[in-house]
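Below is one structure, written out as structure tokens, with a few remarks after it.
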Amino acid sequence: MRRVIMLLLDGGGDRPSGGGPTPLYAAHKPNLDRLAAAGSCGILDPIAPGIRPGSDTAHLSIFGYDPYRYYTGRGAFEALGAGIELRPGDVAFRTNLATVDENNVVVDRRAGRHVSPEEASEVERLVNEVIAPTVMGKLGVEVVYKSTVEHRGVLVMRGPVSHRVSNTDPHKVGEPILEARPLDGSREGNITAEALNMVTRLFSERARELGINAARREKGLPPINAILARGGGYMPSIEPITRRYGVRAAAIAGVALIRGVARAVGMDVYTAPGLNGTASDEYAHALRLAMDLLAGYDLIFLHVKGTDSAGHDGNYDLKRTVVERLDRALSEYMDRLEGMYVMVTSDHATPVSVREHTGDPVPILVYGPDVVRDEVDRFSELTCWRGALMRIRGMDIMPIASSYLGLSEKFGE
Ligand code: ZN
Ligand code: ZN
């Protein structure tokens, strides 16, 4: 039974600031180092050398899909991650519930960062049951809103629509809500901008009547009276990973965007207790689930977000600790990994000195029964470049996995 487990340390790569060791190098991680010592290491350009990836584009690439062809804005992946069914051609925006004054000037882009699940479902009802029918009647565009976390949500449009419209979110307080404009001359662009402006306007008008706002006033919370949209993207038509690479794949991830990218390429998506997409995540349940899922899949992908969060916070010790926590959770399964393939890498570097994604290459290791054992015995940016994999790209990972699994098709005769 050939199987691949892929562990992805989001933003796990780093830079040797001031010549010191990177968090990955410094981390006490005997299990990851054992896998590195027994297998092949190398470095990976998640997209291409020097390209500074978003997590979404890098994941597409690592799942074997050219992001320059399939990436159409974050909205569609975010909506998929929120559990909305999308059809090719649907357009999705990321949204914030916000507070505006009587002149439509944004006072708080996140409505006090406090939106309870009950408030969120009342907003869903307002958009889906009151506003959406009006937009459908006037423009023939179907509108669906779904709240995700706190003030965040996604707005999906279906019909004669295009993602080529500008944001309504001004991204700053003290500025008015923007009018959506078509970014090209297309009829669909015009209709979409009109639909988005209609949702925005009707929302501000109707939100005043929402019962939740009276209650919020009493609690001293700013009212929820605006919806701000950004990052429109359309759902591309994507050949599922099972067909393209012959691989039955499942993803375990707590981050909506990553869940969305995995769903977009046809992976089955799972969550695990303790895996919430934060730096304090615990990986024991997620790893157990990964082991259980091996019975029904060829490849299990496990997303570790904490390294990226710590990188954005500029927190060296925390980034090292996240790696150590994963490694400790891994120790219980080292015996079971024998005879399986394990790949460990990152979707990009988020160096603690930069606090943002950079275009640096990241380390990768491939461990497995018939993988060449090279001389690298420590998994890190400072060591893996000497390994047998040398330097590869994100798009190379799935063909390599599929080949070890014995599932790839021969090219030529
Ligand atoms: Zn990332
Ligand atoms: Zn990040």
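Remember, it's 1-based here, ligands and their atoms both numbered in the order they're listed. All residue numbers refer to positions in the sequence shown, counting from 1.
Among the backbone and side-chain atoms of T350, none of the N, O or S atoms lies under 2.8 Å from the Zn ion (ligand 1). Contact annotation: D308 places an N, O or S atom under 2.8 Å from the Zn ion (ligand 2). Here H348 reaches the Zn ion (ligand 1): one of its N/O/S atoms is less than 2.8 Å from the metal.
For D10, the N, O or S atom closest to the Zn ion (ligand 1) goes by the atom name OD1. The atom of D347 nearest to the Zn ion (ligand 1) is OD2, with the search restricted to N, O or S atoms.
Classified by interplanar angle (parallel below 30°, tilted 30° to 60°, perpendicular above 60°), the ring pair H59/F63 is perpendicular.
Angle NE2(H357) to the Zn ion (ligand 2) to NE2(H312), rounded to 10°: 100°.
Between K319 and the options D313, D308, D14, a salt bridge (Lys or Arg N to Asp or Glu O under 4.0 Å) holds for only D14.
Checked against a 6.0 Å centroid threshold, the rings of H151 and H114 do not count as neighbours. Checked against the 6.0 Å centroid threshold, Y65 and Y71 do not count as a close aromatic pair.
R125 and E129 are not joined by a salt bridge, as no carboxylate oxygen comes within less than 4.0 angstrom of a charged side-chain nitrogen.
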